[in-house]
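These notes concern the structure reproduced below.
Hydrogens, waters and symmetry mates are skipped; everything else that's a heavy atom, side chains included, is used.
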Amino acid sequence: MKNLSFLLQHIGPHKLIGTAERVVEHITFDSRKVNAEHPNTLFVAQRGTSVDGHNFIGKVIEQGGKIIVCETLPEEINDQVSYIEVPDSDIALGKLASAFFDFPSQKLRLVGITGTNGKTTTVTLLYRLFRKMGFPTGLLSTIENRIEEIVIPSTHTTPDAVELNELLHRMVEAGCQYCFMEVSSHSICQHRIAGLQFTGGLFSNITHDHLDYHKTFAEYIKAKKMFFDELPEDAFALTNLDDKNGLVMVQNSKAKVHTYSLQKAADFKGVILDNDFTGLQMTVNGKEVFFNLCGKFNAYNLLAIYGTAVLLGMNTDEVLQQMSGLGSAAGRFQLIRNNEGASAIVDYAHTPDALKNVLTTISDITQHSVQVITVVGCGGDRDKLKRPEMAAIACEYSDKVILTSDNPRTEKPEDILNDMQQGVSADQKRKVLVIENRREAIKTGCMLLQAGDVLLVAGKGHENYQEINHVKHHFDDTEEIKANFNI
């Protein structure tokens, strides 16, 4: 519970009509949550991508709402209501939520990671690392949110501003000293992180993704860069020097910039010595370590984790020792073996670059000595341009490809599969099967396996559902593989 006059001190420029001497018990951007039972709810009218909250101001007032934050005042002013006019409702919501929950991001060390691939693995392993080193720690990720050992289901990569600040507040109350969170490009553009104070920011890489939302790759880069532009001077910015946009991300950042690399001289330099399904042998700043993760893409994740821990003041030897025992995040290069010596890998790879990374890792390890079968689909209502590219990459790096349904959402699965098949060249068609039903596709992939072969099931990773016409049906790639492997 806060006084409105207190909250208004922290939102920046605004115009107040009515009294500021009101009690605020809740903050929401959902008009349905303002009612007679919650009359002291502050409603923020946001201009969403599909719905404009300003259209619901009248309804909110009819339902008993007395405090309205908006960008445009309604034509009729009710003298029983307090109106706060702001330049940007999204930014105001973030700052209001932060103040309402007592500025939780200032009471722990908050590190955000953004990029196309590797975010979930990196934040999850940072969370596990700091827990292993004895620090109470929180996690905000695509898979789940955690307050120490308490698991809170995740609905978005980055929660909305109110939920985000409430989770951080609960972490502070639980004694958490650190929080590691994924920062999506959507959340940056929509200012869900407005009002948060970051100790550090981490950039993994940037490749083709989310162009259904950002429209152009330049806009996608701009969205990611905004995160680093807004970091404070006393924060750190850790960037991947081997990504061609790695330095672009931090070129205007006020934070202290640090780098990591496998290819160039950097603050945190890694060299891969050996790479197989059991893990990575590599040197990190000259110290040789074995890690339980495999693949070049994970070598980058590990360097990012190491660099972040060191920049947070951790002992280098202890960090490496603890990191050597970390396993992969759920659905990230998750290895399952059958009794005949064949292997299946479940991975969240749902972008062209991520799929290529996983398949080249498999090729590097197997040295093309076994058959690689890939089961892959693309999500509906999302970036259509990557569909043929995903199929082309699967064909280039696999001996057999099964194109199937992912989360079709409101699109027809056959339309998505037709888009994917545009990426299959004439000479590759002989190796491609199209099986719309994902369960049958995985079953077929398992039946084609011989001793030593590798099956990659890509796209859904940790997800335990398939979304069809707004309904989520239980479906778990790992469960399907284990059922076919009789384990």
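Judged purely by atom type and a 3.5 angstrom limit, Arg22 has no side-chain atom pairing as donor or acceptor with the backbone of Ile67. A donor-acceptor pair is defined here as one N or O able to donate and one able to accept, closer than 3.5 Å; such a pair exists between the side chain of Arg387 and the backbone of Gly379. The main-chain N or O of Val183 is never found under 3.5 Å from a side-chain atom of Ser187 such that the two would form a donor-acceptor pair. Put simply, the side chain of Asn298 never gets that close to the backbone of Asn301: no donor and acceptor are under 3.5 Å apart. Judged by distance alone, the side chain of Thr239 and the main-chain N or O of Gly246 form a donor-acceptor pair under 3.5 Å. When atom types are taken as modelled, the side chain of His350 and the backbone of Tyr348 share a donor-acceptor pair closer than 3.5 angstrom. Between the Arg128 side chain and the Gly327 main chain, a donor and an acceptor come within less than 3.5 Å of each other.
A 4.5 Å side-chain heavy-atom check between Asp242 and Lys264 finds at least one atom pair inside the cut-off. Contact annotation: the side chain of Asn240 never approaches that of Ser261 to less than 4.5 Å [non-hydrogen atoms, C-beta and beyond]. Looking only at side-chain heavy atoms (C-beta outward), Leu355 and Leu359 come within less than 4.5 Å of each other. Asn40 has its side chain out of reach of Val24: every pair of non-hydrogen atoms, C-beta onward, lies at least 4.5 Å apart. When side chains are defined from C-beta on, Cys70 does not count as touching Ile84, because their heavy atoms never get closer than 4.5 Å. Side chains of Met181 and Ile113 form no contact here, defined as non-hydrogen atoms less than 4.5 Å apart. Residues Val284 and Phe291 meet the side-chain proximity criterion, which asks for heavy atoms closer than 4.5 Å. Within the 4.5 Å cutoff, the side chain of Glu318 has heavy atoms near those of the Met133 side chain.
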Next item on the list: Go through the steps for Tyr260 and Tyr306 under the test ring pair (Phe, Tyr, Trp, His ring centres under 6.0 Å), then give the verdict.
Entry: CA-CA 9 Å; Tyr260 63 97; Tyr306 175 75; over 10 Å; no
Next item on the list: Tell me, with the steps shown, if Arg192 and Asp90 meet salt bridge (charged side-chain N to carboxylate O under 4.0 Å, His left out).
Entry: CA-CA 7 Å; Arg192 285 183 235 158; Asp90 295 342; over 6 Å; no
Next item on the list: Let me see the working for Asn357 and Lys296 under side-chain hydrogen bond (donor to acceptor under 3.5 Å, both in side chains), right down to the final yes or no.
Entry: CA-CA 8 Å; Asn357 283 340; Lys296 187 177 180 181; over 6 Å; no
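Residues Asp229 and Lys254 are not paired through a salt bridge, judged by the lack of any N-O separation under 4.0 Å between the basic side chain and the carboxylate. A salt bridge links Asp317 with Lys287: the distance from a Lys NZ or Arg NE/NH1/NH2 to an Asp or Glu carboxylate oxygen falls below 4.0 Å. Here Asp477 pairs with Arg438 in a salt bridge; the nearest charged N to carboxylate O distance falls below 4.0 Å. With respect to the salt-bridge test (charged N to carboxylate O, under 4.0 angstrom), the residues Arg131 and Glu149 qualify. A salt bridge links Glu144 and Arg146; the closest N-O separation between the charged side-chain nitrogens and carboxylate oxygens is under 4.0 Å.
A cation-pi contact, defined as under 6.0 Å to the ring centre and within 45° of the axis, is absent between Lys256 and Phe236. Remark: Lys33 fails to qualify as a cation-pi partner of Phe43 under the 6.0 Å distance and 45° angle criteria applied to the six-membered ring.
Glu288 and Thr283 are not linked by any side-chain donor-acceptor pair at a separation below 3.5 angstrom, with hydrogens and angles left out of the test.
Checked against a 6.0 Å centroid threshold, the rings of His169 and Phe100 do not count as neighbours.
Of the residues Tyr178, Phe180, Tyr127, the one that meets the ring-ring contact (aromatic ring centres under 6.0 Å, His included) test with Phe135 is Tyr178.
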